[in-house]
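Okay, structure first, notes after.
Note that the numbering runs from 1 along the sequence shown for the chain.
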Amino acid sequence: MSKHRLLPLGLAGLVAVILTAVGFVASGSAAPQATFKAGLVSDVGRFNDKGFNQNQLTGLKLAQKKLKVQIRAVESRSAGDYLPNMASLARQGYNIVISAGFLLADATNDVAKQFPSTKFAITDYSAKIPPFNGTVTNVEGLTYATQQNSYLVGCLAAKVAARGGKKSISVVGGVKIPPVDAFLAGYRAGARECVPGTTVQIGYSQDFIDQAKCKSVAENQIDAGSQVVFNVAGPCGLGALDAAKERGRWGVGVDVDQSYLGSHILTSAVKRVDVGIYLAVKGAKTGKGYKKGGDLVFNLKNNGVSLGKISKKAKIPKAWLAQIARLKAQIIAGKIKPPTSVEAP
């Protein structure tokens, strides 16, 4: 993992600012003095997904408010929209164009090469690997060590399941891509560390949108004994969490704190993509901190990934919370290195 640090702005303070920033417009117009323009292109989940894309839009809106920049958010309804959406923003003179996820990597590479004077950034993808290989210097990667917070989630989930007498938990992934598998791998490793012998069922819906598909996968996992279902499938995963609620099982949210769904949400694996977008725009605007062909890295140490609220209904013992805190410290210190691949042993 890259050793690059974030911009000098304290991330914890920025998180607090983002959480309290509300009430500004979604896109388009800005104050007349705004000359720097930042654009964001969604993946097919679009900006009403209540998570991954929507939270990136939150970061873009904060940039509009705090940095006095002009913004535009463009939704992609299909994969075929990625390239033309980004190219359109670049042609309109947007200073930075941000791709909302891993699925946009190839399109980002193509457009970045067509518009070398435009800065680009991409969420959930390193600029150091193919197709960029660190040589496309107008692309910045925004990477998240979600295997780290998912390791802690897995530990907690396994302990809750074992307390009920069944060492079985599960996870519903969307499409099998590296950012999804990082969550899955960390979750399984943490569960096995804290409760040896825990069965961790892994399933993919092959979809990020259709809730019925994720619900079906989760129901099959519950039928096979799962006591905790982890959603790693965007809007589709809301169906998995719904299945957990209907069947009296625990659910685990993803990307944002999904405790708002109800007390059956044990916790969430939070990924601060809003912070990533804000810092990408700030770095591009100020010229300080934009990683040309490199990455901004978000992890447990800088609060770029974290746990959401833990359900009071779960009545988690203080000793368990202390164990989670110890594991977090060991991960930050590099003594524990959660895997990023589900193919790892």
Item checked: Asn220 side chain to Val217 backbone, donor-acceptor under 3.5 Å -> no
Next item on the list: Please check if any side-chain donor atom of Asp181 sits under 3.5 Å from a side-chain acceptor atom of Tyr204, or the reverse.
Entry: yes
Notebook entry, point to check: Considering the options Asp81, Leu83, Leu89, which one meets the side-chain contact (heavy atoms from CB on, under 4.5 Å) requirement together with Val41?
Noted result: Leu89
Next item on the list: Report yes if the side chains of Leu321 and Ile310 come closer than 4.5 Å at any heavy-atom pair, otherwise no.
Entry: yes
Notebook entry, point to check: Given side chains that start at C-beta, do those of Arg247 and Val229 come closer than 4.5 Å, heavy atoms only?
Noted result: no
Check: Are Phe132 and Thr108 side-chain neighbours, meaning at least one heavy-atom pair lies under 4.5 Å?
Finding: yes
Check: Okay, side chain of Ser311, backbone of Ser263: is any donor-acceptor separation there less than 3.5 Å?
Finding: yes
Margin query: Let me confirm one number: the CD-CZ distance from Glu75 to Arg46, rounded to the nearest 0.5 Å.
Written below: 5.0 Å
Notebook entry, point to check: Hey, does Asp124 have a side-chain heavy atom less than 4.5 Å from the side chain of Ile177?
Noted result: no
Item checked: Derivation and outcome, side-chain contact (heavy atoms from CB on, under 4.5 Å), residues Met86 and Ser99 -> CA-CA 8 Å; Met86 283 185 281; Ser99 311; 3.1 Å; yes
Margin query: Going by side chain to side chain contact (heavy atoms under 4.5 Å, CB included), name the residues that satisfy it together with Asp255, two or more places apart in sequence or in a different chain.
Written below: Phe52, Phe183, Lys271
Notebook entry, point to check: Can you tell me if Asp49 uses its side chain to pair, donor with acceptor, with the backbone of Gly234 under 3.5 Å?
Noted result: no
Checklist line | Residues Asn303, Arg272; criterion side-chain contact (heavy atoms from CB on, under 4.5 Å); working and verdict | finding: CA-CA 8 Å; Asn303 295 315; Arg272 298 311 306 267; over 6 Å; no
Checklist line | NZ (Lys167) with more than 12 external heavy atoms under 6.0 Å | finding: yes
Check: Do any N or O atoms from the side chain of Ser76 and from the backbone of Ser42 form a donor-acceptor pair under 3.5 angstrom?
Finding: yes
Item checked: Backbone N/O of Ala107 and side chain of Asp110: donor-acceptor pair under 3.5 Å -> no
Notebook entry, point to check: Can you name the side chain to side chain contact (heavy atoms under 4.5 Å, CB included) partners of Val256, sequence neighbours left out?
Noted result: Asn55, Gln258
Notebook entry, point to check: Relative to each other, are the rings of Phe230 and Tyr187 parallel, tilted or perpendicular (30° and 60° limits)?
Noted result: tilted
Next item on the list: Look up atom CD1 in Ile98 and atom CG in Leu142, then write down how far apart they are to the nearest 0.5 Å.
Entry: 7.0 Å
Next item on the list: Show the numbers, then the answer: is there a side chain to side chain donor-acceptor pair (under 3.5 Å) between Asn133 and Thr135?
Entry: CA-CA 5 Å; Asn133 294 313; Thr135 61; 5.4 Å; no
Next item on the list: Give the minimum heavy-atom separation between Leu67 and Lys285, together with the two atoms involved.
Entry: O-CE, 3.2 Å
Expected list for residues 235-244: side-chain donor-acceptor pairs under 3.5 angstrom, two or more places apart:
residue, atom, partner, partner atom, Å
Asp242, OD2, Lys215, NZ, 3.2

Note to self: Using the side chain to side chain contact (heavy atoms under 4.5 Å, CB included) criterion, which residues pair with Asn95? Sequence neighbours excluded.
What the structure shows: Phe36, Lys37
Next item on the list: List the atom of Ala112, the atom of Val139, and the distance in Å for their closest heavy-atom pair.
Entry: CB-CG2, 3.5 Å
Note to self: So which atom in Ala127 and which in Gly141 form the shortest heavy-atom distance, rounded to 0.1 Å?
What the structure shows: CB-N, 3.7 Å
Checklist line | Interatomic distance, Ile202 atom CD1 to Lys176 atom NZ [nearest 0.5 angstrom] | finding: 8.0 Å
Margin query: Can you confirm whether the side chains of Gln54 and Thr58 place a donor and an acceptor under 3.5 Å from each other?
Written below: no
Check: Distance from Gln148 atom CD to Ile336 atom CD1, nearest 0.5 Å?
Finding: 10.5 Å
Notebook entry, point to check: Is the shortest heavy-atom distance from the side chain of Arg163 to the side chain of Pro317 under 4.5 Å?
Noted result: yes
Next item on the list: Starting at CZ of Phe115, measure out to CZ of Arg91 and round the result to the nearest 0.5 Å.
Entry: 5.5 Å
Notebook entry, point to check: Between Ile277 and Leu40, is a side-chain contact (heavy atoms from CB on, under 4.5 Å) present by the stated rule, with each step listed?
Noted result: CA-CA 9 Å; Ile277 298 301; Leu40 174 66; 4.2 Å; yes
Check: Any Lys/Arg nitrogen of Lys61 or Asp274 sitting under 4.0 Å from an Asp/Glu carboxylate oxygen of the other?
Finding: no
Next item on the list: Taking all non-hydrogen atoms of both residues into account, name the closest pair between Ile122 and Leu104 and its distance.
Entry: CD1-C, 4.0 Å
Next item on the list: Examine distances only and state if a side-chain atom of Thr198 and a backbone atom of Ala158 form a donor-acceptor pair shorter than 3.5 Å.
Entry: no
Note to self: Whether the Asp295 and Thr143 side chains hold a donor-acceptor pair (N or O, under 3.5 Å, no angle test) is what I'd like checked.
What the structure shows: no
Next item on the list: With Lys119 as the cation and Tyr290 as the aromatic partner, state whether NZ or CZ is under 6.0 Å from the six-membered ring centre and within 45° of the axis.
Entry: yes
Check: Within the distance-only criterion (no hydrogens, no angle test), does the side chain of Gln64 pair as donor or acceptor with the backbone N or O of Ile71 below 3.5 angstrom?
Finding: no
Notebook entry, point to check: Hey, what do you get for OG (Ser259) to CG (Leu266), rounding to the nearest 0.5 Å?
Noted result: 11.0 Å
Next item on the list: Check the surroundings of atom NZ in Lys337: do more than 12 heavy atoms from other residues, nucleotides or ligands lie under 6.0 Å from it?
Entry: no
Next item on the list: Please check if Ile331 and Val270 belong to a single hydrophobic cluster, counting links between Ile, Leu, Val, Met, Phe, Trp and Tyr side chain heavy atoms closer than 4.5 Å.
Entry: no
Margin query: With clusters defined by side-chain heavy atoms of hydrophobic residues (ILVMFWY) lying less than 4.5 Å apart, directly or transitively, does Leu307 cluster with Val195?
Written below: no
Margin query: How close do Ile96 and Ala121 get, counting heavy atoms only, and between which atoms?
Written below: CD1-CB, 4.2 Å
Next item on the list: Would you mind reporting whether Ser88 and Val74 have side-chain heavy atoms less than 4.5 Å apart?
Entry: no
Notebook entry, point to check: Listed by chain and number, what are the ring pair (Phe, Tyr, Trp, His ring centres under 6.0 Å) partners of Tyr260, not counting sequence neighbours?
Noted result: none
Donor-acceptor contacts, no H, no angles, side chain residues 205-214, under 3.5 Å, sequence neighbours left out:
residue, atom, partner, partner atom, Å
Ser205, OG, Asp207, N, 3.2
Ser205, OG, Asp207, O, 2.7
Asp207, OD1, Ile209, N, 2.5
Asp207, OD1, Asp210, N, 2.6
Asp207, OD2, Lys213, NZ, 3.4
Asp210, OD1, Ala212, N, 3.0

Next item on the list: Examine Phe102 and Val171 and state if one hydrophobic cluster contains both, with Ile, Leu, Val, Met, Phe, Trp and Tyr joined whenever side-chain heavy atoms are less than 4.5 Å apart.
Entry: yes
Note to self: Measuring only between side-chain heavy atoms, which start at C-beta, is Val252 closer than 4.5 Å to Val228?
What the structure shows: yes
Next item on the list: Kindly determine whether Thr118 and Val111 satisfy side-chain contact (heavy atoms from CB on, under 4.5 Å), including the steps that lead there.
Entry: CA-CA 9 Å; Thr118 302; Val111 178; over 6 Å; no
Check: Can you hop from Ile169 to Ile222 via hydrophobic side chains spaced under 4.5 Å?
Finding: no
Check: Honestly curious: do Leu156 and Ile265 fall in one hydrophobic cluster under the side-chain, below-4.5 Å linking rule?
Finding: no
Notebook entry, point to check: Mind checking whether Val160 and Gln227 have side chains closer than 4.5 Å, heavy atoms only?
Noted result: no
Check: What is the minimum heavy-atom distance between Leu279 and Phe298, and which atoms define it?
Finding: CD1-CE2, 4.0 Å
Item checked: Test item: Asn53 side-chain N/O and Gln56 main-chain N/O as donor-acceptor pair under 3.5 Å -> no
